[in-house]
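This report refers to the structure that appears directly beneath it.
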Protein chains: 2
Amino acid sequence: MSRHMFADRLERSTAPTLEAPIKCANCPIAERAVCAYCEPPELVELDQIKSYKSFEPGQEIVGAGEESVMVGSVVEGVVKLTKTLVDGRRQMVGLLFPSDFIGRAMRPTVEYDAVAATKVVLCAFPKSPFERLLKRTPHLEQRLLEMTLDELDAAREWLLLLGRKTAKEKVASFLCILAARTGEFEGADAGRKHFQIPISREDMADYLGLTIETVSRQITALRKDGVIEIDGPRRIVVSDLAELMETAGDDAEGGIIP
Amino acid sequence: MSRHMFADRLERSTAPTLEAPIKCANCPIAERAVCAYCEPPELVELDQIKSYKSFEPGQEIVGAGEESVMVGSVVEGVVKLTKTLVDGRRQMVGLLFPSDFIGRAMRPTVEYDAVAATKVVLCAFPKSPFERLLKRTPHLEQRLLEMTLDELDAAREWLLLLGRKTAKEKVASFLCILAARTGEFEGADAGRKHFQIPISREDMADYLGLTIETVSRQITALRKDGVIEIDGPRRIVVSDLAELMETAGDDAEGGIIP
DNA sequence: ACCGGTCCTTGACACACGTCAATGTCCAGA
DNA sequence: TCTGGACATTGACGTGTGTCAAGGACCGGT
């Protein structure tokens, strides 16, 4: 995934005239707010205050307790949000993929650490003008509300996972979520699906409330069960998606893959 | 807490004229939307579609998978939101107190069971007219966004609790949260604080991702440590709030009690 | 007062997962 | 090619919490 690939995708497909909406790769905020036919002034303003920011793997984007000054969208890469107890125990509380909203609109401070899990490109807006724009642009506010509701739904599914699932179910659930979120960009044929795990075992452990050793053992167990195949620590082939979902413990019709 | 107490609190303090805002006890939706000075038409409409609904302890308010037809506010009592795995393991994913929003605006179905944990009174609005109103009333939508953001913050703190805290820390954290949410209505003097636990041990276990036996044991342990005193299973006296928060594992300055 | 049910507490034991430690794999840099 | 470090896997063992079971406390109905 080279830098010049990013550059390509970030090119606007059209100029920001009032006649045509702006295309902003993987940034639904800019893309949707920018509707030339209903609110021309906002469109240009939002486009003008946006900027792209890049981060290396492991680099901190913003830390817990800091003042919230930017909001935006993930354009490329994966961002992890984590909370840490005084003695160092860490729990992931958010995992953001391209097109996800990042930042805390309408809140003064950040309550978690946001760290790049891979190379990351953000489409960022300064918080104050974005909020002013938000108040004047109902359909933008509505869009933000919908994204927040999505995150809340995901968080509630996550609570169930952390509180009541076994280690094996946790790992299987995580792979299901990954298959749903990243698999769309990769191969899939008749129940088989292959994709990259974009984060380390340590990050998986922080996501699932486990240790890296347990994560590793459960992945091995799933391989021995014939549910997945492994090609290097980061490359997964799901042999039978239905069986993986069975192992994850959710209802078969449960909406993991919408 | 008698029925006639509810009736008292539900009385409108003023008539719903355009000159004076409506008071709706513990329903910030109706109370805030109803601002006679900025949006008179919405105010009257919101007041006209609202209705009060009562539920007995254990009664289901709405079930997972059902169509979402009502939204509203908790006026009296405590509502639990739970998710259940196919084999019956249950996890609480929300615990609503008076003034909390309940229901799923902008979503077609409900993804969890909502059950009255105590006697409950809701201030309810039919979903469709409420949503239409929402789109025409930016400050109402903004209010809903803020409440959703609050819930998301609480959910993230909850993820940390479920994923990384010990049983003792979980129970202590829960008591801290209760002290913050219900203690305001009860006694408090110089570090000491007493309040009722409004839910059963089973509900606590579902909240904390534990079994009732472990919850019971940890409460006993906290009592033996001298952190709390017990007067019947539902009545708690926090001897030293600072020490309880210490036991909960959060940073001392961490914002459990805002 | 007595009974039955529900809720809570306490104890003995089991096991899933954490902890500690060793080994393997891969890759960048010398 | 060798080496050091980061990351992942595997094994042996310990422990926190679940499971199973018994008993206590309370409450409403008869």
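Values in this document were obtained by computation on a predicted structure and should not be read as measured data. Sequence lines set the chain letters: A, B, ... in the order given, protein chains first and strands last, and positions in each chain run from 1.
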- Task: Could you pull out all residues at least two apart from A/Tyr207 that satisfy ring-ring contact (aromatic ring centres under 6.0 Å, His included)?
- Result: A/Trp158, A/Phe174
- Task: Using ring-ring contact (aromatic ring centres under 6.0 Å, His included) as the criterion, list what pairs up with B/Phe101, not counting sequence neighbours.
- Result: none
Figure out the [atom1]/[atom2] separation between [X] and [N], and round it to whole Å.
X        : N      : atom1 : atom2 : answer
A/Leu162 : C/dA16 : CG    : C1'   : 16 Å
A/Ile197 : D/dT9  : CD1   : C1'   : 14 Å
B/Lys168 : D/dT15 : NZ    : C1'   : 15 Å
A/Arg235 : C/dC26 : CZ    : C1'   : 17 Å
B/Ile230 : C/dC8  : CD1   : P     : 12 Å
A/Lys170 : C/dG18 : NZ    : C1'   : 12 Å
A/Ile199 : D/dA8  : CD1   : C1'   : 14 Å

- Message: Give me each pair satisfying ring-ring contact (aromatic ring centres under 6.0 Å, His included) with a member in residues 59-84 of chain B, each pair once, sequence neighbours excluded.
- Response: none
Check: protein-nucleotides 5-7 of chain D nitrogen or oxygen pairs below 3.5 Å:
none

- Looking at residues 204-220 of chain A, who's got a heavy atom less than 4.0 Å off DNA chain C?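 Those residues are A/Gly209, A/Leu210, A/Thr211, A/Glu213, A/Thr214, A/Arg217.
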- Task: Identify whether the distance between the nearest side-chain nitrogen and carboxylate oxygen of A/Glu151 and B/Arg156 falls below 4.0 Å.
- Result: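 Yes, this pair counts.
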With sequence neighbours left out, write down each residue that passes side chain to side chain contact (heavy atoms under 4.5 Å, CB included) with [X], or none if nothing qualifies.
X        : value
B/Pro57  : B/Lys119
A/Thr84  : A/Arg90, A/Asp113
A/Val237 : A/Arg192, A/His194, A/Glu229
A/Asp87  : A/Leu85, A/Arg89

- Message: Consider side chain to side chain contact (heavy atoms under 4.5 Å, CB included). Of A/Val115, A/Val79, A/Val74, which one does A/Ile61 pass it with?
- Response: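 In the set A/Val115, A/Val79, A/Val74, the residue that makes a side chain to side chain contact (heavy atoms under 4.5 Å, CB included) with A/Ile61 is A/Val79.
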- Who pairs with A/Ser51 by side-chain hydrogen bond (donor to acceptor under 3.5 Å, both in side chains), at least two apart in sequence or on another chain?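 Not a single residue meets the side-chain hydrogen bond (donor to acceptor under 3.5 Å, both in side chains) criterion with A/Ser51.
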- Query: Counting side-chain heavy atoms from CB outward, which of D/dA8, D/dT10, C/dC17 is closest to A/Pro233?
  - Reply: D/dA8
Side-chain polar contacts of residues 218-226 of chain A - donor-acceptor pairs under 3.5 angstrom, sequence neighbours left out - could you list them?
unit_1   : atom_1 : unit_2   : atom_2 : d
A/Thr220 : OG1    : A/Ser216 : O      : 3.0
A/Asp225 : OD2    : A/Lys168 : NZ     : 2.7

- Query: Using the C1' atoms of five pairs at each end, what's the angle between the two axes of the helix from C/dA1-D/dT30 to C/dA30-D/dT1, to 10 degrees?
  - Reply: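 About 30°, once rounded to a multiple of 10°.
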